[in-house]
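What follows is a set of notes on a single structure, which appears directly below.
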Amino acid sequence: MSFSLAERDDTIIALATPQGIGAIAVIRLSGKNAISVTNEVFFGKNLENQPSHTIHFGTIRDGEKIIDEVLVSIFIAPKSFTKENVVEISTHGSSYIINQVLKLFIRKGIRPAKPGEFTQRAFLHGQFDLAQAEAVADLIHADSETSHQAALSQMRGGFSSEIQVLRNQLIHFASMIELELDFTEEDVEFASRDDLRILVEKILRIVEELILSFDLGNVIKNGVPTVIAGKPNAGKSTLLNALLNEEKAIVSEIAGTTRDFIEDEIIIGGVNFRFIDTAGLRETTDAIEAIGVSRTQEKMKTASLILYLFDLSDTDLVEINRDITKLENLGVPFLKVANKADKANGNIINELKGQYPDTIFISAGRKENLEGLKSRVLELVNLDKFRTGNTIVTNVRHYDSLTKTRESLLDILAGLDNEVTNDFVAMDIRRALHYLGEITGAVTTDDLLANIFSKFCIGK
Ligand SMILES: Nc1nc2c(ncn2[C@@H]2O[C@H](COP(=O)(O)OP(=O)(O)OP(=O)(O)O)[C@@H](O)[C@H]2O)c(=O)[nH]1
Ligand SMILES: [Mg+2]
């Protein structure tokens, strides 16, 4: 999908609130004719004479027929979200009314908006840059405190302004070096190569930090993948259900109940965790269970955190030691979680406390010490970086542009090392500028825009 130039002049309409029945619904129009066309169907007063940022009570009529009593808010260009004329009509929240109003406007030549078209117009009219526009989408989808914070700080431009400053410094060097190209006969150097190297190295450090932050950013956005692993019957599914407060996974005393993994999100301390219940780990001759076991092993490798769960009534220290060695070799952070504390065998609790003082004792079945477990889970995920307000990259597109920027920066440095000619250095700088510009929208293509804005919902 892409927007032609003519389409950008259309006046568009969409329901801005969710589909379905609600107390009120808000229908939004944006474009040159938003106010004049609304005025044709609105009865109460002349909307074309009203100042910006005012609200008016009246009725919407289709000919003689009253569709609804409404409130109409008026925003006159450029003082609106899209910087165009914007009208917001608050109707009663019935889908019949909404449809009647939308149809009426469409008959009057207003075009239904495409996904993200309001935000795209705001971007095209310079309301904000691309990274900020994308943050609007993230903000709508944010469902935990941390993802909300990340989106909010990006929307307010924290991320882009950092990129913008770096880019401007680099533009300065690019123009100096290109100027030198005009003086090939003389031996002039407008741009100090040492200063250029210092700047490129500085940008490289920041770009690499942003690239690294992507892992954390991704976790914030999609939930920290936390795998519950252990042998069959340890109580993994019971634990998942207890954490979710919902009977999501099948629990039974038959070993090998869970075959496929089951996952769901839980917010702990404002952080979104994705808990994944898996098939119990054991040697098995059952073909389907064996597939489950190998999936568990795959999930464990990519997890941010593993809850190693074992059954105090059915495990000895030899077995626990062996499992812990395996987990240490895997290299993923893990917590030792001793389950079924309510029916532990003899001395095992004391032995464990002696050998592994950091073991967490719970009873998933009786929902005991789940709070203790949750707070240890939260401790283990290193979110300090985020909490100190550092910039975090959460967007795959930005990550991609940053990786390409890094390559170009490394090429600039290699070029300086090998004393390549100015035109090559200039070319590499231009390339770095291009990729940095992709992030903020200083450099855009129609395809890129269409791709980004199509991910929004209609009405946004
Ligand atoms: N006494 C006691 N029983 C528990 C506790 N947690 C789980 N169980 C029981 O242990 C049995 C196995 O629980 P599941 O949750 O199905 O175990 P699992 O680890 O998911 O097992 P698989 O899916 O077969 O790998 C069930 O009968 C549970 O009711 C607990 O804290 N105390
Ligand atoms: Mg299970």
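Remember, it's 1-based here, ligands and their atoms both numbered in the order they're listed.
- Here atom 32 (N) of ligand 1 lies nearest to Asp342 when heavy atoms of Val251, Asp342, Asp277 are compared.
- Residue contacts with ligand 1, taken as heavy atom pairs separated by less than 4.0 Å, do not involve Asp311 at all.
- Note: no N/O pair closer than 3.5 Å links Arg366 and ligand 1 by distance alone.
- Contacts between Ala255 and ligand 1, counted as non-hydrogen atom pairs separated by less than 4.0 Å, involve the backbone only.
- The closest approach between any non-hydrogen atom of Asn241 and ligand 1 is not below 4.0 Å.
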Original post:
Would Ser237 and Asp277 satisfy side chain to side chain donor-acceptor pair (under 3.5 Å), going step by step from the backbone distance to the final call?
Top reply: CA-CA 6 Å; Ser237 302; Asp277 175 26; 2.6 Å; yes
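- For atom 18 (P) of ligand 1, the closest non-hydrogen atom of the protein is Lys236 N, 3.4 Å.
- Close contacts between ligand 1 and Ser363 involve ligand atoms 30 (C), 31 (O), 32 (N) [criterion: under 4.0 Å to a heavy atom].
- For the Mg ion (ligand 2), the nearby protein N/O/S atoms, meaning those under 2.8 Å, are Ser237 OG, Thr258 OG1.
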Subject >> CA sep, side-chain torsions, deciding dist, call: Glu371, Lys374, salt bridge (charged side-chain N to carboxylate O under 4.0 Å, His left out) >> reply: CA-CA 5 Å; Glu371 288 310 312; Lys374 285 186 194 170; 3.4 Å; yes
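- Atom CG of Leu410 is separated from atom CD of Glu201 by 10.0 Å, given to the nearest 0.5 angstrom.
- Against a heavy-atom cut-off of under 4.0 Å, Ala234 is close to the following atoms of ligand 1: 19 (O).
- Asn339 ND2, 3.3 Å is the protein heavy atom nearest to atom 6 (N) of ligand 1.
- Here the protein heavy atom with the shortest distance to atom 21 (O) of ligand 1 is Asn233 N, 2.9 Å.
- Within ligand 1, counting atoms from 1 as listed, the ones closer than 4.0 Å to a heavy atom of Gly280 are 25 (O).
- Salt-bridge annotation for Arg121 and Glu117: present, with a side-chain N of the basic residue lying under 4.0 Å from a carboxylate O of the acidic one.
- Between Asp417 and Arg197 there is a salt bridge, with a side-chain nitrogen of the basic residue lying less than 4.0 Å from a carboxylate oxygen of the acidic one.
- Of all atoms in ligand 1, listed by their number and element, those nearer than 4.0 Å to a heavy atom of Ile254 are 24 (O).
- Considering backbone and side-chain N/O of Ala279, none are found under 3.5 Å from N/O of ligand 1.
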Original post:
Given Arg274 and Asp264, is the salt bridge (charged side-chain N to carboxylate O under 4.0 Å, His left out) satisfied, shown in steps?
Top reply: CA-CA 6 Å; Arg274 203 150 39 79; Asp264 210 336; over 6 Å; no
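- Donor-acceptor pairing under 3.5 Å is lacking for the side chains of Asn339 and Lys236.
- Using a 4.0 Å cut-off between charged side-chain N and carboxylate O, Lys404 and Glu438 make no salt bridge.
- When the side-chain contact (heavy atoms from CB on, under 4.5 Å) test is applied to Val332, the partners found at least two apart in sequence or on another chain are Ala303, Ile306, Leu330.
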**OP:** Test Asn272 against Ile266 for side-chain contact (heavy atoms from CB on, under 4.5 Å), laying out the working first.
**Re:** CA-CA 6 Å; Asn272 211 345; Ile266 302 164; over 6 Å; no
Original post:
Under the side chain to side chain donor-acceptor pair (under 3.5 Å) criterion, do Asn321 and Tyr356 qualify, and how do the steps go?
Top reply: CA-CA 10 Å; Asn321 283 328; Tyr356 300 112; 2.4 Å; yes
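- Between the choices Lys340, Glu289, Arg259, Arg282, the shortest heavy-atom distance to atom 3 (N) of ligand 1 belongs to Lys340.
- Partner of Lys231 under the side-chain contact (heavy atoms from CB on, under 4.5 Å) criterion, chosen from Asp311, Asp314, Asp323: Asp314.
- Distance from atom 7 (C) of ligand 1 to its nearest protein heavy atom, with residue and atom name: Thr238 OG1, 3.2 Å.
- Cation-pi check for Lys299 over Phe261 is met; the charged atom lies under 6.0 angstrom from the ring centroid and within 45 degrees of its normal.
- Within the 4.5 Å cutoff, the side chain of Leu409 has no heavy atoms near those of the Leu413 side chain.
- A salt bridge does not link Arg397 with Asp400: none of the charged nitrogens is closer than 4.0 Å to a carboxylate oxygen.
- Heavy-atom proximity to atom 11 (C) of ligand 1, evaluated over Ser252, Gly292, Ser237, Gly235, is greatest for Ser252.
- Within the listing of ligand 1, atoms 1 (N) sit less than 4.0 angstrom from a heavy atom of Lys343.
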Original post:
Please walk me through it: do Glu368 and Ser363 pass side chain to side chain donor-acceptor pair (under 3.5 Å)?
Top reply: CA-CA 5 Å; Glu368 277 165 19; Ser363 167; 4.6 Å; no
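- Considering backbone and side-chain N/O of Ile250, none are found under 3.5 Å from N/O of ligand 1.
- For the pair Gly365 and ligand 1, the shortest N or O to N or O distance falls below 3.5 Å.
- Residues Arg295 and Glu298 are not paired through a salt bridge, judged by the lack of any N-O separation under 4.0 Å between the basic side chain and the carboxylate.
- At least one N or O atom of Gly256, backbone or side chain, sits closer than 3.5 Å to an N or O atom of ligand 1.
- When each atom of ligand 1 is checked for a heavy atom of Ala364 under 4.0 Å away, the hits are 31 (O).
- Close contacts of ligand 1 with Glu253, meaning ligand atoms under 4.0 Å from a residue heavy atom, involve 27 (O).
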